Each structure stands twice: as structure tokens, then as C-alpha cells.
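Step one of this worksheet: look at the structure below.
This one's a predicted model, so the numbers in the text were calculated from it and none came from an experiment. Below, each value reflects all heavy atoms present in this structure, side chains not excepted, and no hydrogens, waters or symmetry copies.
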Amino acid sequence: MRAERQMRIIWDQAACREYAFYDLRIACQCAACVDEHTGRRILNPALVDPQITIQDAQLVGNYALRITWSDGHNTGLYTWDFLRKL
């Protein structure tokens with residue numbers, strides 16, 4: 001996590017990517033943010049604080065990252081495949 005409100009992931013020696021906290025938060029794919037049946041986004045990006053920060057991040061097995069955001073949201077899993085595609 002970086003002070004510039006970005007998270008850096010170093011995928012390998014040749015690939016490094018920075019993700020803005022706000023962009024990650026609004027990309028959350030959990031059932032509270034995206035309708036499970038229709039795939040329609042429920043989360044209104046305009047209601048997410050542009051200054052949002054990461055309070056905690058935990059590995060989930062070998063496949064994902066669970067982020068706890070400063071707005072209290074923590075139900076989304078960001079899989080490594082999902083993060084690579086962003």
C-alpha cells in the first residue's frame with residue numbers, strides 16, 4: 001500500500017501494476033456491490049469517498065486478497081486473476 005492512495009502489485013520481474021484505491025473499491029464484485037443474478041452494479045460510485053483508504057488487506061488462500069476499506073466494506077475478494085484483468 002502506498003501513501004499516494006495506490007496499491008502496487010509486483011507480478012514478476014517484468015510486470016508491476018499500481019491500482020488506485022478508489023478504482024479498486026468501485027470494482028468490488030461482492031453481492032453488496034453487484035447484483036448476483038443480473039450482474040448489474042449496485043454500488044453507486046458517486047457515493048464512494050474519493051479519498052478512500054485501505055485499512056487492512058489479507059491473503060485468502062493462494063488466490064485472492066480481502067481488503068477492508070475505510071468505509072467499513074470488507075466482503076469483496078479480489079482474486080489475482082481479477083486484479084490482472086483490471
Side-chain angles (χ1 to χ4, degrees):
M1 289 172 273
R2 302 189 59 208
E4 298 87 15
R5 299 197 192 289
Q6 295 181 341
M7 177 176 63
R8 176 182 287 173
I9 296 178
I10 300 171
W11 293 105
D12 57 41
Q13 290 181 340
C16 177
R17 174 88 194 274
E18 292 183 349
Y19 302 85
F21 292 167
Y22 176 82
D23 294 341
L24 281 177
R25 175 63 184 94
I26 64 171
C28 182
Q29 298 294 301
C30 80
C33 295
V34 176
D35 185 285
E36 294 178 84
H37 301 289
T38 66
R40 183 181 61 84
R41 180 147 301 279
I42 299 168
L43 175 67
N44 180 349
L47 299 178
V48 175
D49 181 357
Q51 302 300 311
I52 196 159
T53 60
I54 292 176
Q55 299 296 305
D56 189 36
Q58 299 175 337
L59 293 173
V60 178
N62 289 323
Y63 71 96
L65 189 62
R66 178 188 312 275
I67 298 174
T68 300
W69 297 100
S70 56
D71 66 0
H73 187 74
N74 70 350
T75 57
L77 294 181
Y78 295 81
T79 66
W80 302 124
D81 287 340
F82 178 73
L83 289 167
R84 280 187 181 269
K85 292 176 185 173
L86 282 180

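More than 12 heavy atoms of other residues, nucleotides or ligands shown are found within 6.0 angstrom of CG on D12.
Atom CZ of F21 sits about 8.0 Å away from atom CD of Q6, to the nearest 0.5 Å.
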Mind listing the side-chain donor-acceptor pairs of residues 23-47 below 3.5 Å, one per line with the distance, residues two or more places apart or on another chain?
| from | atom 1 | to | atom 2 | distance (Å) |
| --- | --- | --- | --- | --- |
| R25 | NE | D71 | OD2 | 3.0 |
| R25 | NH2 | D71 | OD2 | 3.4 |
| Q29 | NE2 | A27 | O | 2.8 |
| D35 | OD1 | H37 | N | 2.8 |
| D35 | OD1 | T38 | N | 2.8 |
| D35 | OD1 | T38 | OG1 | 3.3 |
| T38 | OG1 | R40 | N | 3.1 |
| R41 | NH1 | I26 | O | 3.0 |
| R41 | NH1 | C28 | O | 3.1 |
| R41 | NH2 | C28 | O | 3.3 |
| N44 | OD1 | A46 | N | 2.9 |

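Taking Ile, Leu, Val, Met, Phe, Trp and Tyr as members and joining any whose side-chain heavy atoms lie under 4.5 Å apart, directly or through other members, the hydrophobic cluster of Y63 also contains V60, L77.
There is a path of hydrophobic side-chain contacts, each under 4.5 Å, that joins L86 to I67. When the side chains of ILVMFWY residues are joined at heavy-atom separations under 4.5 Å, either directly or via intervening members, L59 and F82 end up in a single hydrophobic cluster.
At least one side-chain heavy atom of W80 sits less than 4.5 Å from a side-chain heavy atom of L65. A 4.5 Å side-chain heavy-atom check between W11 and R17 finds at least one atom pair inside the cut-off.
Considering all non-hydrogen atoms of both residues, V48 and Y22 come closest at O-CE1, 3.5 Å.
Counting only N and O atoms by type, the side chains of T53 and Q51 include no donor and acceptor under 3.5 Å apart.
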Checklist entry - Could you walk me through whether N74 and W69 pass the side-chain contact (heavy atoms from CB on, under 4.5 Å) check? => result CA-CA 6 Å; N74 70 350; W69 297 100; over 6 Å; no
